[in-house]
Amino acid sequence: MSTPNPAAPLELAHGPAWPNRWTLAPLTNKQSHADGTLSDDEYEWLVARARGGFGLVMTCAAYVSPEGQAWKGQLGISDDRHDAGLRRLADGIRELGAVSSIQLHHGGMRADASISGHPLVAPWDDPDRGVHALSTSDVQRVIDDFVAAAVRAEKAGFDGVEIHGAHGYVLCQFLDARKNHRTDGYGGSLEGRSRPLREVLIGIRAATGADFQVGVRVSPEGYGITVADSRALVEQILASGDADYVDLSLWDVAKEPRDTAVDGLLIDQYVDLPRHGTRLGVAGKILAAQDADWCLERGADFVTVGTAAIIHHDLPRLVATTPGFVSEPQPFSRGRLEQEHLGRDFIDYLADGWDDFVA
């Protein structure tokens, strides 16, 4: 079987085919207004990637309930006031030929109470950090908030949503085998720890239309998750039909697992799994045409790009015209980033968060 070209379309079980295998990572950019509504800067940042040829254009993590807001300038999808901006964004992406998605997020204990005005919640108590354990009914409320946000996204005109089940946020916190010892069916075994994530997926599939796409982002390791557990979880999601794709946040697609007892590269623990019609993508340091080709040759269905998409809004087109294309090296001047349609808040965030990103 021949390896697909990154420029080849990708069919999914639900919704429109992606024009190619290049997807924009759900990048934090802190450009939304204080109330979570879309700003012009965030609109321009995302629409420019649609114009630049990305097959799937995804928003940053958008909070599904006010208590889940994790940073200043985060996009919201929890309230009617967010609807107009979301409609504008979905329309703008569609008009330029890309498929649109909004990533659904709840920070859990990684939310910021000083911004949200709500107490921190998580699967377990942490009095030293002011974190309160979610009751069983609270867990169901959080699940319902994810489902309601997906319905809101569909009504706004988005082609789909991605569930943020990675990076230590609330659904990932439930997966933490070190600390989630709940006895109400939402902790303990992998089946219990993964139940909130699975119920979100099942609920969204039931509440949205047949043409609505649902993806999920997963951390393969760390955050109290072993490679064995994440492989079993991914295997289950791929087989369930509840998601159209799984997006593996590897940080580096060529890295080895932290667990030295696991042989091979981290990517290799997943690409051999039966797909059952569900697609599998990978993210992490994809900076060149060769990197994308390597991921697809390894067995991935698509690639998710962050840094290279920041500095090249038209990365897919550059790769198509220059097969040996390699992204420009860091750091980047503010003027160069402005040319790529980043607003001041996004550039400030990159400058504050990484020593080598902004010159």
Side-chain angles (χ1 to χ4, degrees), residues 12 14-15 23-29 32 36-38 42 46 56-71 73-83 85-87 89-90 93 99-108 110-111 116 118 121-122 134 138-175 194-209 212-219 237 242-249 281 283 304:
L12 290 91
H14 300 83
T23 74
L24 175 67
L27 293 168
T28 301
N29 59 81
S32 294
T37 55
L38 183 78
E42 190 159 19
L46 291 165
L56 177 70
V57 173
M58 192 182 308
T59 71
C60 67
Y63 58 86
V64 300
S65 53
E67 70 183 19
Q69 184 176 4
W71 53 83
Q74 184 177 5
L75 187 66
I77 189 169
S78 65
D79 192 273
D80 290 349
R81 67 174 178 266
H82 300 137
D83 291 350
L86 296 176
R87 284 195 298 271
L89 180 57
I93 293 172
V99 175
S100 61
S101 180
I102 182 164
Q103 191 186 59
L104 305 184
H105 167 266
H106 185 301
R110 295 192 65 193
S116 73
H118 295 267
V121 294
L134 293 157
D138 287 335
V139 175
Q140 186 58 57
R141 175 181 53 78
V142 170
I143 292 169
D144 291 344
D145 286 344
F146 274 94
V147 175
V151 172
R152 188 180 297 278
E154 184 178 34
K155 289 180 178 177
F158 280 89
D159 295 305
V161 293
E162 179 177 280
I163 310 310
H164 201 336
H167 301 171
Y169 296 115
V170 78
L171 295 176
C172 188
Q173 289 161 23
F174 274 98
L175 293 168
S194 65
R195 184 177 164 194
L197 175 58
R198 291 184 288 109
E199 289 190 356
V200 166
L201 289 170
I202 292 168
I204 290 174
R205 182 61 78 204
T208 56
F212 195 66
Q213 292 178 353
V214 183
V216 58
R217 175 163 261 210
V218 174
S219 287
I237 294 172
D242 295 325
D244 295 293
Y245 70 86
V246 176
D247 181 15
L248 291 171
S249 184
T304 301

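- In this structure, Asp144 CG and Glu199 CD are separated by 9.5 Å, a value rounded to the nearest 0.5 Å.
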| field | CA sep, side-chain torsions, deciding dist, call: Glu162, Ser101, side chain to side chain donor-acceptor pair (under 3.5 Å) | value | CA-CA 7 Å; Glu162 179 177 280; Ser101 180; over 6 Å; no
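- Ser32 contributes a side-chain N or O that, together with a main-chain N or O of Leu75, makes up a donor-acceptor pair within less than 3.5 Å.
- With hydrogens and angles disregarded, a donor-acceptor distance shorter than 3.5 Å links the side chain of Thr59 to the backbone of Gln103.
- A donor-acceptor contact shorter than 3.5 Å is absent between the side chain of Gln140 and the backbone of Val142.
- Residue Pro66 comes nearest to Ser116 through the heavy atom pair O-CB, 3.2 Å, listed as atom of the first residue, atom of the second, then distance.
- Here the side chain of Asp244 pairs a donor or acceptor atom with the backbone of His14 at under 3.5 angstrom.
- Counting heavy atoms from C-beta outward, Arg217 and Thr304 have side chains that approach closer than 4.5 Å.
- Here the side chains of Ser100 and Asp159 are in contact, with some heavy-atom distance below 4.5 Å.
- Between Ala156 and Ala90, the shortest heavy-atom distance links the atoms O-CB, 3.6 Å.
- The distance from the CZ atom of Arg87 to the CZ atom of Arg152 is 10.0 Å, given to the nearest 0.5 Å.
- Nearest heavy-atom pair across Phe146 and Leu171 is CZ-CD1, 3.7 Å.
- Ring pair Tyr63/His82 is perpendicular by interplanar angle, where above 60° counts as perpendicular and below 30° as parallel.
- Between Val161 and Ile77, every side-chain heavy-atom pair lies at or beyond the 4.5 Å cut-off.
- Atom CD1 of Ile204 and atom CD of Gln213 lie 13.0 Å apart (nearest 0.5 Å).
- Expressed to the nearest 0.5 Å, how far CZ of Arg198 lies from CD1 of Ile143 amounts to 10.0 Å.
- Residues Phe158 and Leu86 are in side-chain contact: their nearest non-hydrogen atoms beyond the backbone lie under 4.5 Å apart.
- Panel note: side chain Ser219, backbone His167; a donor-acceptor pair is recorded below 3.5 Å.
- Between the CG atom in Asn29 and the CH2 atom in Trp71 there is a gap of 9.0 Å [rounded to 0.5 Å].
- The side-chain hydrogen bond (donor to acceptor under 3.5 Å, both in side chains) test with His106 singles out one residue from Glu67, His164, Gln69, and that residue is Glu67.
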